[in-house]
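Hydrogens, waters and symmetry mates are skipped; everything else that's a heavy atom, side chains included, is used.
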Amino acid sequence: MAMTNNYVLVMLLLVINLMALANCAVDDDLGFGASYIFGDSLVDAGNNNYLQTLSKANIAPNGIDFKASGGNPTGRYTNGRTIGDIVGEGLGQPHYATPFLAPNCTGRTILYGVNYASGGGGIMNGTGRVFVNRLSMDIQVDYFNITRKEIDKLLGQSKARDYLRNKSIFSITIGSNDFLNNYLLPVLSIGTRISESPDAFIDDLLSHLRAQLTRLYKLDARKFIIGNVGPIGCIPYQKTINQLKENECVELANKLALQYNARLKDMLAQLNKELDGATFVHANVFDLVMELITNYDKYGFVTATKACCGNGGQFAGIIPCGPTSSMCSDRDKHVFWDPYHPSEAANLIIAKQLLEGDSKYISPMNLKQLRDL
């Protein structure tokens, strides 16, 4: 009888130890922090799969180089990993941020990061209406509010607040669609352009973005990285529809992006002063991508004008990537995967600068420094 009791006691202690170890392992995992990702198709990891929308990337050959899915499409608008995926890896996070609309975005999964980004989404709610459905930045923040309450339930209010403020990075990559699929959209946007000057439109964008960032701050976001708008006049789609030469870009699109970017940088500097305890890091995506486009051969690319996957015109820049598209064989030699989005090879170079770069491309600190703050 004593032996039986001893056996039961030993087994009980073993179970308790295993449970303690499991909890430690989970908490150790949380030590690497989380990425909460907001934005558009540059960082969408599959939310649009769950929407009735014309903007989708869950069709081959998208994802052909995404090892985690065995080369199957996941809803990422590139051949492999997005910038958000690569940055998460570089910060030591053990899991990719899960799309908010995915069925498995529940329980402790949300503590490793959630992705709210949506192809076609913008700062303004009207942006991307040409795609029928998409998640605007306002909706993405609404969704984070839901996640925020769940984190309280999982960790308790005090620990949840500490985790979000100290261990979580809030990444925002948005604004391109507000120009491409709103203000500059052929035919559909003529009314907007007549009624609103570029300055007034940019005013509108920044006042909306300021309100969205402030909402996140009130939900305990403290470490932010905000990307400016890239050289949208140089993407294969813009070059093709405007019938430009290889080394030309659409002047108006890039001029608008630069106007917005200058004022975005000023606004983030203001928020750093006004919102106590917050750090807003500015990512100079425009100059970073322009460097790749201008000096592509220096980085091992063979072209920065032709899409690897697409159809139409000399730069394969009209019809998005899909099963009937022509696809290049040297995917890592193209800056652009499709008419709009960088390849994984380009994303790797961009992400490295965001993680480790100097103030030329990321300021007032890089992402590894922000993580360790």
Side-chain angles (χ1 to χ4, degrees), residues 34-85 87-88 93 95-151 153-154 170-174 176-178 180-182 212 215-216 219 309 320-323 337-338 340-341 344 347:
S35 289
Y36 294 95
I37 298 171
F38 303 80
D40 53 31
S41 55
L42 290 167
V43 288
D44 187 350
N47 281 309
N48 277 25
N49 300 354
Y50 305 97
L51 298 176
Q52 293 293 320
T53 177
L54 299 177
S55 178
K56 281 185 182 281
N58 58 341
I59 48 170
N62 291 298
I64 190 169
D65 298 307
F66 190 64
K67 290 186 175 66
S69 69
N72 292 309
T74 60
R76 287 166 169 82
Y77 292 73
T78 185
N79 57 309
R81 292 164 291 171
T82 66
I83 294 168
D85 296 328
V87 161
Q93 293 164 4
H95 308 278
Y96 295 133
T98 307
F100 177 82
L101 295 179
N104 64 328
C105 192
T106 57
R108 291 190 75 89
T109 299
I110 67 174
L111 300 176
Y112 302 118
V114 178
N115 185 311
Y116 305 88
S118 171
I123 295 165
M124 308 298 283
N125 289 322
T127 291
R129 62 192 180 278
V130 67
F131 301 118
V132 186
N133 274 324
R134 70 280 169 215
L135 307 178
S136 69
M137 186 64 184
D138 276 342
I139 293 170
Q140 292 180 37
V141 178
D142 288 344
Y143 284 165
F144 175 70
N145 193 22
I146 295 169
T147 302
R148 177 71 191 81
K149 289 169 184 164
E150 291 301 313
I151 294 171
K153 288 180 195 170
L154 288 164
F170 290 76
S171 164
I172 293 99
T173 306
I174 205 155
S176 298
N177 285 315
D178 292 290
L180 289 172
N181 290 303
N182 189 335
Q212 290 153 355
R215 276 182 73 200
L216 287 172
L219 293 167
C309 182
C321 183
W337 162 243
D338 68 8
Y340 303 91
H341 306 101
E344 183 185 65
N347 284 339

Legend entry - Side-chain heavy atoms of Y112 within contact of T98, under 4.5 Å: no
Inset, instruction - Please tell me if the side chains of P61 and C321 come closer than 4.5 Å, counting only heavy atoms from C-beta onward. - result: yes
Legend entry - Side chain D178, main chain M124, donor-acceptor under 3.5 Å: yes
Inset, instruction - Run the numbers on L135 and F100 for side-chain contact (heavy atoms from CB on, under 4.5 Å), then give the verdict. - result: CA-CA 11 Å; L135 307 178; F100 177 82; over 6 Å; no
Inset, instruction - Please examine the side chains of L219 and N145, heavy atoms only from C-beta on, and report whether any two atoms are closer than 4.5 Å. - result: yes
Legend entry - N347: partners by side chain to side chain donor-acceptor pair (under 3.5 Å), with sequence neighbours left out: none
Legend entry - Salt bridge present between D142 and R215 (N-O < 4.0 angstrom): yes
Legend entry - Donor-acceptor pair, side chain of D40 and main chain of G122, under 3.5 angstrom: no
Legend entry - Candidate pair Y116 and Y143, rule ring-ring contact (aromatic ring centres under 6.0 Å, His included), full reasoning: CA-CA 7 Å; Y116 305 88; Y143 284 165; 7.3 Å; no
Inset, instruction - Nearest 0.5 Å please: distance from the CG atom of N125 over to the CD1 atom of I139. - result: 6.0 Å
Legend entry - Residues forming a side chain to side chain donor-acceptor pair (under 3.5 Å) with T53, sequence neighbours excluded: none
Legend entry - From CA spacing to verdict: side-chain contact (heavy atoms from CB on, under 4.5 Å), L101, L51: CA-CA 9 Å; L101 295 179; L51 298 176; 3.8 Å; yes
Inset, instruction - Look only at the side chain of Q212 and the backbone of I123, and say whether a donor-acceptor pair between them is shorter than 3.5 Å. - result: yes
Legend entry - L54/V130 under side-chain contact (heavy atoms from CB on, under 4.5 Å): CA gap, chis, key distance, verdict: CA-CA 8 Å; L54 299 177; V130 67; over 6 Å; no
Legend entry - Closest non-hydrogen atom pair between P73 and N58, with its separation: CB-C, 3.6 Å
Inset, instruction - Could you tell me which non-hydrogen atom of I110 sits nearest to which non-hydrogen atom of E150, and how far apart they are? - result: CD1-CB, 3.5 Å
Legend entry - Steps toward side-chain hydrogen bond (donor to acceptor under 3.5 Å, both in side chains) verdict (N177, T127): CA-CA 7 Å; N177 285 315; T127 291; over 6 Å; no
Legend entry - Shortest non-hydrogen contact between N49 and K56, atoms and distance: O-NZ, 3.2 Å
Inset, instruction - Check whether any side-chain heavy atom of V87 lies under 4.5 Å from a side-chain heavy atom of I37, and answer yes or no. - result: no
Inset, instruction - In sequence, state the C-alpha distance, the side-chain angles, and the governing distance for T78 and R76, and then conclude on side-chain hydrogen bond (donor to acceptor under 3.5 Å, both in side chains). - result: CA-CA 6 Å; T78 185; R76 287 166 169 82; over 6 Å; no
Inset, instruction - Could you note down all residue pairs passing ring-ring contact (aromatic ring centres under 6.0 Å, His included) where residues 47-68 supplies at least one of them, sequence neighbours left out? - result: F66-Y96
Inset, instruction - Please round to the nearest 0.5 Å and tell me the distance separating atom CG of N181 and atom CZ of R129. - result: 9.5 Å
Legend entry - Heavy-atom pair of closest approach, residues S55 and G120: OG-N, 4.2 Å
Legend entry - Non-hydrogen atoms of A57 and N62 that approach each other most closely: O-CB, 3.3 Å
Legend entry - Between S118 and D44, a side-chain donor and acceptor under 3.5 Å: no
Legend entry - Of all pairs that satisfy salt bridge (charged side-chain N to carboxylate O under 4.0 Å, His left out), the ones with a partner from residues 63-72, not counting sequence neighbours: D65-R331
Legend entry - Closest non-hydrogen atom pair between A117 and V43, with its separation: CB-CG2, 3.7 Å
Legend entry - Close side-chain approach of P320 and Y77, heavy atoms under 4.5 Å: no
Inset, instruction - Decide yes or no for M137 and I172: does some side-chain heavy atom of the first lie under 4.5 Å from some side-chain heavy atom of the second? - result: yes
Inset, instruction - Identify, with sequence neighbours excluded, every residue that meets salt bridge (Lys or Arg N to Asp or Glu O under 4.0 Å) alongside R134. - result: none
Inset, instruction - Check the angle between the aromatic planes of F144 and F38 and answer parallel, tilted or perpendicular using the 30° and 60° thresholds. - result: perpendicular
Inset, instruction - Please check if the side chain of N47 supplies one atom and the backbone of N115 the other of a donor-acceptor pair under 3.5 Å. - result: yes
Legend entry - Which residues share a side chain to side chain donor-acceptor pair (under 3.5 Å) with Y36, sequence neighbours left out: none
Inset, instruction - Indicate yes or no: at least one non-hydrogen side-chain atom of V132 is less than 4.5 angstrom from one of Q52. - result: no
Legend entry - Any I151 side-chain heavy atom under 4.5 Å of L111 side chain: yes
Inset, instruction - Quick one: pull up OG in S41 and CD1 in I174 and give me the separation to the nearest 0.5 Å. - result: 10.0 Å
